[in-house]
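We name chains A, B, ... by the order of the sequence lines, and we start the count at 1 in each one.
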Amino acid sequence: MAGTSVHHNLFLPQPQEDHHHKKAIDFASREQECISLLKRCKNMEDLKQSHCLILKLGLICSSFCTSNLVLTCALSNWGSMDYANSVFEQIEYPNSFEFNTMIRGHVKDMNVDKAIVLYDQMLEMGIKPDKFTYPSLLKGCACLRGLKEGMQFHGHVYKNGLDNDVFVQNSLINMYGKCGEITQSCSVFKQMDDFDRSLATWSAVIAAHASKEMWSECLSLFQELTNQRCWKAEESVLVSVLSSCTNLGALDLGRSAHGFLIKNLSGLNVIVETSLLDMYLKCGSLVKGLTIFERMKVKNQWTYSAMISGLALNGYGNEALRVFSEMVEKGFEPDEVVYVGVLTACSHEGLVEKGLDFFNKMKVDHKIEPTIQHYGCLVDLMGKAGKVKEAFDLINNMPMEANEVLWYSLLNACKIHQNFELGDKVAKKLLNLNSLSPSTYVMLSNMYAKAQKWEHVALTRKDMTQKGLIKTPGYSCIQVKRKAYKFVSNDIMLSHCEGVSDMIYQMELQLKFEGYFPDTSDVFLDVDDKEKIERLSRHSQKLAIAFGLINTSEGSPIRIVRNLRMCKDCHTYTKMISSIYERSIVVRDRNRFHHFEDGECSCKDYW
DNA sequence: GTAGGGTTAG
C-alpha cells in the first residue's frame with residue numbers, strides 16, 4: 001500500500017522526492033537568474049540575450065519569466081511594443097498580468113485603440129480584468145479625451161466591484177477631468193473617504209478644476225488638502241495652486257504656498273520659481289517678484305518672458321524693455337511670446353515709435369513672422385495713443401485677415417477717442433465677422449449708444465437676443481483671510497454681501513463730501529439718470545471695495561481682480577476712496593494693474 | 001511572486 005510504505009519510510013531517505021525537490025529548487029533559481037538578468041537590461045540587445053537564455057534554459061513555460069520578459073520589453077523606455085507583442089502572441093493562455101502589461105504598453109505608446117482591442121480580447125477569453133487593468137485604460141481615454149469609452153470603462157469598473165480601489169478612482173477623476181466632465185470628476189472624488197484619498201487624488205481633482213478655470217474651487221480644495229494626512233508639499237500640486245492664485249489674484253494664498261515650498265523642499269526648480277515669479281507679478285506684488293527674479297540661480301526664457309510681461313502689466317514698460325535687453329545679452333533667443341510682452345510694454349507706456357521699432361526688429365533681426373497677436377499689440381498701441389486711423393490702415397494692410405479681437409480693440413479706441421465715424425466702419429466689420437461673442441455686441445451697442453444711434457442700439461440688442469447671447473457679467477474678486485469672494489455687478493443678494501449696501505451708502509456720503517459726482521457716460525442703457533446712477537453704484541468693483549473696507553484691517557491694502565476693463569466712474573471712485581480711507585487699492589483688470597494710492601492711479605489715467 | 005494613479009511655467 002502506498003500509504004503504509006510512506007509511513008514506513010518516513011525517516012528514511014526518499015530518493016525520488018528529493019530529486020523532484022532539487023529540480024524544483026533548480027527551476028526556481030534559474031527563474032531568479034533570468035529575472036535579475038531582465039532587470040539589468042539596458043537596451044534591446046540585452047533584452048534579446050535574456051530572451052535567448054530563457055529559451056535555452058527551457059523557461060519559456062515559466063509564466064513568471066515570460067511575464068517579466070513582456071513587462072521589461074513593453075514598459076522600458078528603450079523597449080519595443082512590436083517585440084513585446086511577438087512574445088505575447090506566443091503565450092497560449094496569457095494571464096491578467098500579461099494582458100495588463102500589454103495594455104499599459106500600448107497606452108504608453110498612445111495606441112489606445114490597440115489597448116482597447118486587447119481589453120476586448122481579454123474579456124472574450126474569460127479573463128477577469130482587475131484593479132491593474134483600468135488605470136491605464138482610463139489614462140488612455142483621458143489622453144484622447146474619449147469620454148464615451150471612459151464612461152463605459154467606468155461601468156465595467158463598477159460591475160467588477162473595483163470602484164473602491166484608490167488607483168482606479170484616481171484614474172476616473174483624472175479621466176473625467178481631462179474630458180471636461182467636472183461634475184463626474186467631483187462625484188468620484190466625493191464618494192471617496194478622506195482616509196482613502198492619496199496625494200494623487202487631490203492632485204487629479206485640483207488639476208480637473210484648474211482645467212475648467214475654476215480657480216477658487218482649486219484653492220478651496222488645496223486648503224482642504226493641507227489638513228490631510230497625505231499632504232506634503234510637492235511641486236506639481238503647488239504649481240497648479242500657484243497658477244490658481246495667479247488667475248484669482250489671490251496673493252495671500254500664493255504667499256503661503258510659497259511658504260510651504262520653502263519649508264518643505266530644499267531647492268525649487270526653475271518651473272516652480274517661474275510660476276512663483278509670475279504669481280507675484282500678476283498679483284501686483286512687484287517688489288516680491290523682482291526679488292525672486294534677482295535671486296534665481298537658473299533662469300530660462302520662460303523666466304524672462306514672465307518677468308517682461310509682468311513688468312509691462314504693472315505699468316513698468318521701460319523696466320520691461322531693460323530686462324528684455326538683458327535677456328538678449330544673456331543669449332536667450334527671444335521668441336514670439338516674449339515679443340508680445342515687449343509690445344505690450346510699449347503699449348502700456350504709450351511708446352508708439354519704440355513699439356514699431358521692436359516690431360521691425362522682431363521680423364528682421366530675429367526672423368519671427370508676426371502673428372495676429374503682435375498686430376493686435378500694435379493696433380492697441382496705436383489706438384490707445386489716439387492714432388486710430390493709422391491702426392485702421394495697419395489692419396487693412398496686414399498679411400492675414402483681422403480677427404474679432406483686433407477690431408474689438410480698435411472699436412474700443414474709437415470709443416475712447418470719440419471717433420464715431422471710424423467706429424461705425426469698424427462696427428460694420430465686426431458685424432460682418434458675425435461673431436458670437438457677447439462682449440462684441442455689448443461694445444457695439446455701447447458705441448452706438450454713445451453716438452445716440454438708438455435704432456442701431458435696438459438692432460444690435462435684438463440680434464444678440466436672437467442669437468441667444470447673454471452679456472458677460474462683470475465681476476470683481478477680492479481675497480479676504482485666504483478666501484476669495486466674487487462680486488457681480490448689481491447682485492447684492494449674495495450671502496457675503498451683508499453689510500455691503502450700508503457701506504456703499506457711507507462711502508457715497510464721504511465721496512459726495514469730497515466733491516464726487518457719478519459719471520454715467522459709460523452706462524449705456526436706455527434708462528433714466530436715476531436708474532443709471534443706481535446701477536453705477538452697484539458695479540462689482542464698488543461692492544468688492546465696500547466688502548474689503550469692512551473685512552480687512554485699517555491701512556492694509558485692498559486687492560481686487562476683475563474680468564473686464566473698469567469703467568471711468570469706477571476708476572475715479574476708486575482713486576478717491578484710496579485717499580479718503582487711506583488705503584492702497586490694487587485692481588487688476590483684464591489687461592493690466594492699477595495701483596491706487598492717495599487719490600492717484602499708477603496708470604496715470606492712460607488705460 | 002511581478003505592475004497601477006496625479007507632472008506643472010511665459
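Backbone-only contact: A:Asn174 has heavy atoms under 4.0 Å from sugar-phosphate atoms and none from a base. A:Lys108 comes within contact range of no nucleotide atom at all, as no heavy-atom separation falls under 4.0 Å. Within 4.0 Å (heavy atoms only), A:Ala306 reaches sugar-phosphate atoms of the nucleic acid but no base atom.
Of the candidate nucleotides B:dA3, B:dT7, B:dA9, B:dA9 has the atom nearest to the side chain of A:Ile271.
Annotation: proximity of residues 277-295 of chain A to DNA chain B (heavy atom, distance under 4.0 Å) is found for A:Asp278, A:Lys282, numbered in ascending order. For the contact set between residues 328-347 of chain A and DNA chain B, defined by any heavy atom under 4.0 Å, the members are A:Asp335, A:Val337, A:Val338.
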In a table with atom names and distances, give each donor-acceptor pair under 3.5 Å that connects a side chain of residues 109-126 of chain A to protein atoms at least two apart or in another chain.
| unit_1 | atom_1 | unit_2 | atom_2 | d |
| --- | --- | --- | --- | --- |
| A:Tyr119 | OH | A:Tyr134 | OH | 2.7 |
| A:Tyr119 | OH | A:His156 | ND1 | 2.6 |

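Between the CD atom of A:Glu273 and the P atom of B:dA9 there is a distance of 16 Å, rounded to whole Å.
Aromatic stacking of A:Phe97 on B:dT2: satisfied, with centres closer than 5.5 Å and planes within an angle under 30 degrees. No aromatic stack links A:Phe132 and the base of B:dG4, using centre distance under 5.5 Å and interplanar angle under 30°.
The number of heavy-atom neighbours closer than 6.0 Å to CZ of A:Phe97, taken from other residues, nucleotides and ligands shown, is above 12.
A donor-acceptor contact under 3.5 angstrom links the side-chain atoms of A:Asp165 to the base of B:dG4.
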